[in-house]
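As structure tokens, the structure follows; a few thoughts come after it.
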Protein chains: 2
Amino acid sequence: MSNEDNSKKNFSDIALWYLREQIIDGHMQPGEKLIESNISETLNLSRGPVRDALKQLAIEGLVDYHPNKGCTVALLSPKDAYEVFFLRGSLEKLALEKSGGHVDAYGILAMENALDEIKSLAGADNLLAEVNADEKFHAQIVLSGQITRLYKMWELLSPLNGAMFLTLKNIGEKAEIDNFGKSRGDRLIDQHERILRAVKSGDLEEACRALDAHYLRNGEIIYRSSLKNGLNK
Amino acid sequence: MSNEDNSKKNFSDIALWYLREQIIDGHMQPGEKLIESNISETLNLSRGPVRDALKQLAIEGLVDYHPNKGCTVALLSPKDAYEVFFLRGSLEKLALEKSGGHVDAYGILAMENALDEIKSLAGADNLLAEVNADEKFHAQIVLSGQITRLYKMWELLSPLNGAMFLTLKNIGEKAEIDNFGKSRGDRLIDQHERILRAVKSGDLEEACRALDAHYLRNGEIIYRSSLKNGLNK
DNA sequence: ATAATAAATATTGTTAACAAAATTGCCGCA
DNA sequence: TGCGGCAATTTTGTTAACAATATTTATTAT
């Protein structure tokens, strides 16, 4: 992510950020049709840049692209959630293995800052900010591996991860899920604190376990909730 | 990959396949500028679809995209080669772990066919066909994991992998690299036979070792050769 | 001659119009 | 009423022209 309304130079990016935010923040219903001319009209630009953005979003998985028929907001199933969490976790562990669990001083600082952000956002109902903070935290783990292309792949999963955040949040608000007596925000803080602790002490094994716990728990929550209230599919 | 001139419906895809082939087959020099109007003229279509293709190629990593300045054929360094091989190998091992090393009957059949293709292509000087056969072989490994999104990520690395093939082939033709007395084609056959053998016997550990050997050896060859003749960067 | 500057050219970014395809709504008909 | 097919509409795919930016060439001053 790392949006922060910066560097929105060209129109394709304006459309891209707009649509991503709309989708991740839940202002567009899954399955909803995305009509190029409508979008370009609301953004006061032409269809070209909007098409660019939609193609990018299709690659990211936030949008389903049906040739000659247009785009729809992606319907995300519990399987999708499982896959995204599994993959992000796997890529992060892969990076950590490469770095031997060692995140440099700058990275640790960035993670501490991100964690502070997460804490300060607890209960603030600012999903996008939460997603960005989470992103910043985990990014440092991936970057520690020093593998550019690994980072790019991980980054490509970020928008979908953000969308899953929305689902998790919605579930959390319905909140029949047991969190050992903690709120969604508190659980998130606990998990990230554990990861940071492991990384700071350079304990690769524990860091991997902490990451697994974090992502698997998220997947679990979505899966369980899909059994109760019927999520998509 | 899986091209085979099928389903080239829309013009964006025509441009995409054309450019990918040109780059992977080495008909375009690394660093070379890709002028939209030139390409659209040679393909007898307008700039729009060409732009689409270039954006996709930039995501795949075959092309460097410089905003407001245009695209150039990517300069691939030994580090890039290492990263691509490392990532593809890691994703394949991840998939195999998920499937417990078990590839179903259809998958095995497809791998055997792909291996036959690789064998029949030895020394035929048809790089694209070689890449496609290799692709088919490894795809079955990734598919065994049953994780759609993992497969998509792996697929995204395919064009870059194809480009690396070209480099490997060129190095092989200069051939100061020791291959234990074997040609590049024979080495490739040996490695794939070992992988297939492991997968057929359901030996996850050995399959992972075989994959590592395959990809690490490739990376090694490129790295060593970069020390002798100065590759890009 | 060289460097700085300005004009000319080339190239990308964006738009609006056109073509092709899909969707919708209407009508007749059983 | 319900169903098939044709016309009207909508929407995507493509194009060509226009605008903005970058690059090259030419010009001038030192």
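Residue numbers start from 1 in every chain, and the chains themselves are labelled A, B, ... in the order their sequence lines are given, proteins ahead of strands. These numbers come from the heavy atoms of this one structure, side chains and all, not from hydrogens, waters or symmetry mates.
- Under the 6.0 Å distance and 45° angle rule, K98(A) counts as a cation-pi partner of F86(B).
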Quick tally for nucleotides 12-17 of chain C: nucleotides whose base has a protein heavy atom under 4.0 Å get B, sugar-phosphate-only ones S, the rest -, giving BBBB-B
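- For the 3.5 Å distance criterion, the side chains of D80(A) and S77(A) qualify, holding a donor opposite an acceptor.
- Every pair passing ring-ring contact (aromatic ring centres under 6.0 Å, His included) that includes a residue from residues 117-140 of chain A is listed here, sequence neighbours excluded: F137(A)-H192(A), H138(A)-H192(A), H138(A)-H214(A), H138(A)-Y215(A).
- Residues N161(B) and S158(B) have side chains that never bring a donor and an acceptor to within less than 3.5 angstrom of each other.
- Ionic pairing of E155(A) and R149(A) is not present here: no N-O contact between side-chain nitrogen and carboxylate oxygen is shorter than 4.0 angstrom.
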